[in-house]
Every structure is written in C-alpha cells, then in structure tokens.
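Report on the structure given below.
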Amino acid sequence: MITMTDLFCGAGGSTTGAIQIPGVRVVMAANHSRHAIDTHQHNHPDTDHDCADVSQVVPSKYPRTDILWASPECTNHTRAKGKKRGHGEFTGGLFAADGTDEAAIRSRATMSDVARFAEHHRYRIIIVENVVDARWWGPEEAPGYAFDNWLRSVAMWGPYEYRIVYLDSAHAHAGGLGSRSRRPRMYVFFWRKGDRTPDFNKWLRPYGTCARHGRVQLMQSWKRTKTCSPERPWGVYGIKAGQYTYRCPHVDCHKVDIEPHVRGAAEAIDFTLPARTIGERRIPLAANTMRKIRDGWAKYQHAARDGHLIEPYMIELHGGGSTHRPADRPMSTLTAGGLNHGIVYADRAPYELLPYYGNSKTQPVTVPMPTLTTRDRHGLVGYATSLEECRYRMIRVREAARAMEFPDRYQFLGDRDQQIEMIGNAVTPNAARDLVAMGVEALTGGAIERYETAVAS
C-alpha cells in the first residue's frame, strides 16, 4: 500500500486521480475552504479531512505518508487575474504600509508550507502543482529568485532530487484518457536521492501521429525566446504562441511540429439540454459576443444544397487567447472566476458526420461511421439555413466538471458560484493520475502499463 497526503486538496481532483492507481490510498486531505472540504469528504469518505489554514497547522498533526501532493494557492502567481503581480515581500514585508498586496503575498507564501511538511515527514516523493507563472516568483528586479530559494528549501530535507514538469492536462493520457479541457500547469516532482529515478519519458511523452512514421511517442521541444530555452525550459504548449511544441523522435523529421492526440470539448457537452436559437432571443446578445459567434459561423460552416452544415463550436467570452474554437478541440482553460464558455450548434436534421482528414466529405449518420484510425476524428454536424437558427447557451457546471475529467458521479456541494470556483481551481484528475503512477512505479519497482500501450496491444 502506497499512502498519500493531499495538502491544499480543494474539491478533490488530485485525490480522484491518485486513487485510480492500484494500491494508492489517500489518508489525509486538508484545505481552508469549508465547501471544498465538504465536497472532498462527500466523494472520498475513506480519507481523513481537516478544514484548516495549512500555514497554521503543525506538521506532526498529520500522519506520515509515502507521497505528498501539494497544490499551494495559485491565483496570486498567475497573470490571469488581469493585473500585474506584486512582489513586495522583499521590501515591505507581510504587513507593509507601503501599498503592498498583503493578501497576495500570504497566498504565495503557502508554497513555504511544503518545506515545513517535508522537514517533518521526509516524504519519499513530493509533487507540487501550480500555475506556470509561479516559476517567476520573486521581486520585479529578480524574477524567479524566491522560487529558486523555495526549490532549495524543499530539496534539502530529503535530500531530494527534482525535476520541473510543464504539462497540459489535455496531453496527459499516459494512464488513461486525457482531459477535454486545456490546463497548462507546472509540476515540481521531488524524489529522494539514491532512490529509483522516475521514468519521465514513459509518463510525460504523449502520442501523436507523424506523417512519415505513424503513431509515435512525441518529444517536448523548447523554443528559444527571451524567457525560455532548451537549457532553461519554462512555459506553455503552443505551435504559434507557446514556449514549447512536440516533435517526432526520429532524427529525419524531428523538426516537424506535431500536436499530441487530444479529446474534444464536444465529448463533455450535453447537446440534449434546452437552448434557444439566436433568433428566438428577446434580448439580443452583447455585440462582442455576436461578433465572436459570427466569426465562428464563417469558419465552421460547410455549404449544403439549401443551407449550411455547421460544426459545433465554442465561444470564449473572456481571455483564453482566442475567441472561438471548434468543439472537437479541447475546451480553453477553465478558471474559478466564472464559466465564460458558450456553445453554438445547429440541431436541425439531418445530422451528418464530418471526418477531419484528407478531402473527406460529410455523410449521413444513417450509414456506418468511416473506419476509425489513430488520426481520424469525426464530428457531429447539424444543419441550419442561417446563423439565427443555431442554438447558443453557456456551458453548465456539470459540463465544465466533465471537461476537467471529473467523473459524472462526482458531486460538488455548495451553491453554483462555489461549485464553479472549486472546478476552476481544481487539479485535473487525469494529470494527477499520471504523475502519481510515475511515482508509484518508481517507489515499488513494479511496471504500470501505459494506457495507449494497453489499447494498442
């Protein structure tokens, strides 16, 4: 039995992923939020729970376990809040009178609790999850200085070796299915010096399809920018705007960017839920929303004899780096601030299947689906004579949870706003599953089969 403690556990995404690995038991979970702890306890009744400010907890209060998973508060590391991060902790202190954002500083200080618990419990493995921007924790004149010191403060207690991992949850499909939502995160993986080194290549290299070599396990490839390089990796995935991409491992085509296999947001959407057509709305949608909807209509429609075949597509009302994307792609990152994703689709028969490869054409759903391969994707396409016939609604809480890879049976307690907050702050269970599997394999020496290998065999 491998035991785990889940600090800053939130609603339970990390625990949900960890217990998917045979032999893993989460014995302790702690968080400051009452509705998060209630949700965690409701879904994981066999785990002991503590609703507490972890920074005020004496580490000896909790039992010693093999693994520590910690997700310190991330909102004051990220730039997603729409304002520049304050880093006054080296000039004004925690109770500064010079305008320093004390709440933000205390939030970032939760990172230090990892070192306190490591000092007392000397876990065999520690996995710390945070936003990518946490790498630059420190004063404006020395970004990253505090983070580097934090790394050393944790590593000394094992003593530990460590590796910083940058992973999007949509690409975390080594131990099972990937998420249907983008979730770029930084994970710092610590293991004791002298112990078996985790197999990072096995668990963190997703599969993709190379035009020359077929289905291959891809390699992370870092760009050279002002903030990162192969020697100093940092950032998020993106062929155009990101700091890294994935490439074929074969030398003869290793410079070709290849996107890993992903799942689409449409898998998380319940198209049977009621939604008015755009033309039925008594109160018109906001001009900016309609602009995005019309942009998507122009991009995702396919001409038919007397109308339009339209692929379902997502509208992103705030942030996300884009305005729309087809529903066969992962949903853009969900945040705790609210559900800012809308779905546009046509539901008038006849429905058709649209294969996303080659010069293929749509075909009725009354005929057999074309041959499925590792590369082919098929989307359900509706029919409409105009944009006004398309239906539009915001996604629901359950759909957001499904996109984040929480099982449908998972129950979120509290009111709607609290549920959205918990989902937006959550660790995707599939990412936790893969990282914990990597750790368990290193601890026990027993091989855990990769999901894609099992499917292919």
Side-chain angles (χ1 to χ4, degrees), residues 1-54 56-73 110 113-114 117 121 123-129 169 172 175-177 179 268 334 336 396-437 439-440 443-444 448:
M1 177 69 67
I2 299 296
T3 57
M4 187 176 107
T5 298
D6 195 346
L7 286 186
F8 313 101
C9 64
S14 41
T15 294
T16 301
I19 62 174
Q20 293 180 36
I21 308 307
V24 172
R25 177 175 173 243
V26 178
V27 300
M28 188 73 214
N31 201 80
H32 70 281
S33 168
R34 182 74 262 171
H35 54 265
I37 280 291
D38 287 345
T39 294
H40 197 292
Q41 190 164 33
H42 180 82
N43 291 280
H44 301 285
D46 295 333
T47 296
D48 289 333
H49 293 83
D50 189 16
C51 184
D53 179 350
V54 174
Q56 303 302 310
V57 173
V58 177
S60 59
K61 180 180 179 181
Y62 299 161
R64 176 167 289 140
T65 56
D66 299 304
I67 299 175
L68 170 67
W69 181 288
S71 298
E73 190 171 345
T110 57
D113 293 318
V114 179
F117 276 77
H121 289 294
Y123 305 96
R124 299 178 67 187
I125 282 177
I126 300 174
I127 307 171
V128 181
E129 179 263 357
S169 294
L177 296 173
S179 76
L334 293 156
R396 308 290 176 84
V397 170
R398 175 50 57 188
E399 293 170 320
R402 194 178 296 137
M404 287 281 285
E405 214 52 32
F406 280 94
D408 283 344
R409 66 180 182 276
Y410 209 87
Q411 296 186 36
F412 292 87
L413 307 184
D415 60 32
R416 181 178 181 277
D417 289 343
Q418 291 170 333
Q419 292 178 30
I420 293 171
E421 179 187 21
M422 287 187 283
I423 294 169
N425 281 330
V427 172
T428 53
N430 63 299
R433 174 201 65 210
D434 289 3
L435 289 163
V436 171
V440 169
L443 289 177
T444 64
I448 300 176

Side chains of [X] and [Y]: does their closest heavy-atom pair fall under 4.5 Å?
{"X": "V57", "Y": "F117", "value": "yes"}
{"X": "H35", "Y": "E421", "value": "yes"}
{"X": "L68", "Y": "L7", "value": "yes"}
{"X": "D50", "Y": "K61", "value": "yes"}
{"X": "V427", "Y": "W69", "value": "yes"}
{"X": "I21", "Y": "R433", "value": "yes"}
{"X": "V114", "Y": "P72", "value": "yes"}

Rounded to the nearest 0.5 Å, how far does [atom2] of [Y] lie from [atom1] of [X]?
{"X": "I67", "Y": "Y123", "atom1": "CD1", "atom2": "OH", "answer": "11.5 Å"}
{"X": "R402", "Y": "D408", "atom1": "CZ", "atom2": "CG", "answer": "4.5 Å"}
{"X": "C9", "Y": "Q41", "atom1": "SG", "atom2": "CD", "answer": "10.0 Å"}
{"X": "I423", "Y": "Q418", "atom1": "CD1", "atom2": "CD", "answer": "12.0 Å"}
{"X": "R64", "Y": "R124", "atom1": "CZ", "atom2": "CZ", "answer": "12.5 Å"}
{"X": "M4", "Y": "M28", "atom1": "CE", "atom2": "CE", "answer": "12.5 Å"}

CA sep, side-chain torsions, deciding dist, call: N425, E73, side-chain contact (heavy atoms from CB on, under 4.5 Å): CA-CA 9 Å; N425 281 330; E73 190 171 345; over 6 Å; no
Stepwise side-chain contact (heavy atoms from CB on, under 4.5 Å) check, Y62 with D48: CA-CA 10 Å; Y62 299 161; D48 289 333; over 6 Å; no
Would H44 and Y410 count as a close aromatic pair, with their ring centres under 6.0 Å? yes
Inspect the surroundings of CZ in R416 and state if more than 12 heavy atoms from other residues, nucleotides or ligands are less than 6.0 Å away. no
Side chain of [X], backbone of [Y]: donor and acceptor closer than 3.5 Å?
{"X": "Q419", "Y": "G414", "result": "yes"}
{"X": "N31", "Y": "I37", "result": "no"}
{"X": "T428", "Y": "M404", "result": "no"}
{"X": "N430", "Y": "G176", "result": "no"}

Locate the shortest heavy-atom distance separating [X] from [Y]; write the atom from each residue and the value.
{"X": "R25", "Y": "V27", "result": "NH1-CG1, 3.2 Å"}
{"X": "F8", "Y": "A70", "result": "CD1-CB, 4.4 Å"}
{"X": "A11", "Y": "F412", "result": "CB-CE2, 3.9 Å"}
{"X": "G17", "Y": "A432", "result": "CA-CB, 4.2 Å"}
{"X": "S179", "Y": "A403", "result": "CB-O, 3.7 Å"}

Side chains of E129 and S71, donor plus acceptor under 3.5 Å: yes
Test side-chain contact (heavy atoms from CB on, under 4.5 Å) applied to T16 and N43, step by step: CA-CA 9 Å; T16 301; N43 291 280; 6.0 Å; no
Before giving the answer on side-chain contact (heavy atoms from CB on, under 4.5 Å), spell out for H121 and T5 the whole-Å C-alpha distance, their side-chain angles and the decisive distance to 0.1 Å. CA-CA 11 Å; H121 289 294; T5 298; over 6 Å; no
